[in-house]
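Okay, so here's the structure we're looking at.
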Amino acid sequence: MREDIDRLIAEGAADAAARALSEMWRADPGPQAAGFVVSRFEKLRESVSLMPYRLAILRSFTVEPVVPVLRAAAFVGGIDLTVQLGDFNAYPQEILDAGSSLYSFEPQAVILAAQSYETNSLRGWLKVFRERSTAHLILHTVESSVTPARGVLDSQTAEGEWDATQRLNRELREIAREFRGVYVLDYDALVSRYGRESWRDERKWLTMRMPVAAAHLIHLAQEWMRFLHPLTGKIAKVLAVDLDNTVWGGVIGEDGMEGIQLGAEYPGAAFQALQRVMLDFYERGILLAVCSKNNPQDALEAIDNHPGMLVQRRHLACLKINWAEKPQNLREIAHELNVGLDSLAFVDDNPVERQHVREQAPEVMVIDLPASPMGYARALRDAPVFERLSLSEEDAQRGEYYAAERERKELQQTSGSPEEFYRSLQQELEVAPVTPMTLARVAQLTQKTNQFNVTTRRYSEQEIAAMDSKRVYSLRVRDRYCDNGLVGVAIVEDQGEVCEIDTLLLSCRVIGRTVETAFLSRLAAEASGRGIRRLEGWFLPTRKNAPAKDFFVKHGFERVEENGEGSRWSYDLSKPMACPDWIRFV
Amino acid sequence: MSILDQVRTAAADVLRVPPEKITEASTPEDIESWDSVEHLNLILALETQFGIEFDPEEIERMKSIGHIASLVESKAG
């Protein structure tokens, strides 16, 4: 295996080498494979797509051995992590000293892993940290003792150790909620999940101040990855599922409605457990799609009428039930839902289909399932690409929007001219300055919008909250079908006679409906009202933002500059910019 | 693969040197990247790979790849 991988690297077959390394890691992740996986991925840096990310770890115990394991897991997840460790127990100074290595490292995320906290001091440190850095912070809770000092007496008094730890951890959650971009990692729950006795290695603790047994380093690294995936945006927006032997037991085309296994009793219960995970993901704003080789009428009959189905047709944003190859169907799902292929996760009981997708559609995140259906639900729940660190109103309703979108498409097919269609949508736009209520969604849009985005500048909540001279606008769009929610952001800055467009983006949900024209005309009118003469901005091309390529030229901007990174466009505000008369501002 | 070869491979992975550079006689003095952190990482890699545990005294006394391999052999065997 190792020789094969080194041969692939030497031959320049980078994608195949990365696939083989990922396979090796998934088969047996941990310290024994970490060194190899990390060193080989480092050789592939230039040739495979990896997201660089900077992580600082502040700690009160030895975490050095977790670092290679974490970096290996991150590489396999598409993230190239640079990790800096703070000194033992030095985190108060590191946070308080503006010149410390913590700040000069410029981390994008910081893990604070201490074994005890004094909460008043902690609150003060976090305040200072928030003033100095826009990095996300992941705060570990404190581990309960296996052997309280007072033995069984501990539970007989109000001041027991166990109670004190629980109180402290509750307070840590409250403190975290007081700050933007501070998240809690429930370390105590993590340890209890794997068993306190087996988690702790007394020998390593007493000799090296490392409280985690070798076998559990991987579990700590995996828990960190559950935060790093949403923080880096390496997440699945869509879950595409196979049907036969995945969503139900058996093959619908052969076993029929009475023959497939799906219901409250075993073996059908294992498949209901998986469907329950799908519905939980739906609530998180993850779209559900079907990708199945079947006769459509057989499969739809089961989806619509089988009494054991928990997932209903109204939960499904896209259905591809045919005999085409799965990589092709996944591409079509991505296209129809207006997301990149790298936003799709795919789950299938058949390892051959999984391998096929890994080879033919390598951007797709393929979720491995164990041999027994009883492990399916857990495998999905453990996949870090479905984790979210915050939920906006839009996330919770996303599935419904997409169902409405299907209806809209049907209407478009029955309308004559584009104008008739636009008019029939009865669109209402609301443009408003960012508020504390909308800040999270605005930041999320800058981080996640890839397609209609002229500059693709990513901002955290903290960074947007700290914008003093810039104007940050959110855009809400309603139509006859639904309230689409906050679907656009513009960030502009007046510089003398020029209003500079720093950011202008629209969620793919509202592309192709002239919303961008109305939004821009509103920005132009406001700038004009402030006495500004020209509206200017960059178009910075990326692999994904082709939908925004002609945005400036279509709206009468003139190109004034072009360099290796992009083109600069200018609009003379003495000519008013027209707003489509089928759109109403509220 | 013999236990010695498995230990050599594990050391090559952790210390990031080609496997042929690691011999039975290799010691921390010979290999620049073999510092105390990587020593701990090597111990943990071997403990997970073979499902064994080393005593603190053993960890401190490990002098060469050959010595480590014989310790692994006595525990895993």
Side-chain angles (χ1 to χ4, degrees), chain A residues 1-3 5-6 9-10 21 24-25 27-43 57 59 61-72 75 83-85 87-88 198 200-221, chain B residues 1-23 26-28 30-63 65 68-69 71-77:
Chain A
M1 188 90 193
R2 283 167 158 76
E3 290 79 13
I5 290 170
D6 280 335
I9 294 173
L21 276 171
M24 176 185 178
W25 180 254
D28 188 18
Q32 71 292 346
F36 185 81
V37 170
V38 167
S39 60
R40 296 320 186 265
F41 260 110
E42 284 178 343
K43 292 186 182 172
I57 303 176
R59 45 58 185 276
F61 53 90
T62 303
V63 297
E64 278 78 352
V66 196
V67 174
V69 181
L70 175 70
R71 290 190 63 216
F75 271 127
V83 179
Q84 175 179 276
L85 296 183
D87 290 330
F88 277 89
S198 104
R200 200 176 175 85
D201 181 339
E202 203 61 22
R203 295 200 248 192
K204 300 280 185 310
W205 172 243
L206 293 175
T207 54
M208 300 161 194
R209 292 287 132 189
M210 192 180 83
V212 187
H216 291 295
L217 296 176
I218 179 65
H219 299 132
L220 178 53
Chain B
M1 213 196 274
S2 72
I3 288 201
L4 174 63
D5 281 346
Q6 292 182 60
V7 171
R8 284 180 50 218
T9 306
D13 286 350
V14 170
L15 304 173
R16 294 154 182 253
V17 292
E20 58 273 15
K21 287 251 174 80
I22 307 261
T23 67
S26 298
T27 68
D30 308 334
I31 296 162
E32 200 189 336
S33 54
W34 194 340
D35 59 16
S36 60
V37 169
E38 298 303 358
H39 188 65
L40 178 55
N41 284 336
L42 176 58
I43 298 303
L44 293 164
L46 295 171
E47 288 188 340
T48 41
Q49 185 171 342
F50 292 97
I52 55 175
E53 265 190 80
F54 295 105
D55 291 329
E57 290 74 17
E58 290 172 332
I59 294 172
E60 225 160 79
R61 279 202 313 265
M62 288 171 177
K63 289 300 170 237
I65 292 293
I68 295 174
L71 271 172
V72 171
E73 202 143 17
S74 69
K75 284 172 186 290

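Everything numeric in this text was worked out from a predicted model, so none of it was measured.
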Heavy-atom distances under 4.5 Å only: say whether Leu44(B) touches chain A with side chain, backbone, both or neither. both
Region of Pro68(A) that comes under 4.5 Å of a non-hydrogen atom in chain B: side chain
All heavy atoms of Ala45(B) vs all of Pro31(A), minimum pair found to be CB-O, 3.7 Å
Could you tell me which residues satisfy side-chain contact (heavy atoms from CB on, under 4.5 Å) with Ala12(B), sequence neighbours excluded, listed by chain and number? Pro19(B), Ile22(B)
Hey, can you dump all donor-acceptor pairs under 3.5 Å between chain B and chain A, distances included?
from     : atom 1 : to        : atom 2 : distance (Å)
Asp13(B) : OD2    : Arg2(A)   : NE     : 3.0
Asp13(B) : OD2    : Arg2(A)   : NH2    : 2.3
Arg16(B) : NH1    : Glu42(A)  : OE1    : 2.8
Glu47(B) : OE1    : Lys204(A) : NZ     : 2.9
Glu47(B) : OE2    : Lys204(A) : NZ     : 3.1
Thr48(B) : OG1    : Gln32(A)  : OE1    : 3.0
Glu53(B) : OE1    : Arg203(A) : NE     : 3.3
Glu53(B) : OE1    : Arg203(A) : NH2    : 3.2
Asp55(B) : OD1    : Arg203(A) : NH1    : 2.3

What part of Leu15(B) is in contact with chain A, defined as an atom under 4.5 angstrom from a non-hydrogen atom: side chain, backbone, both or neither? neither
If I measure from the heavy atoms of chain B, does Ile218(A) come under 4.5 Å with its side chain, its backbone, both, or neither? neither
Let me know if Phe50(B) has heavy atoms under 4.5 Å from chain A in its side chain, its backbone, both or neither. neither
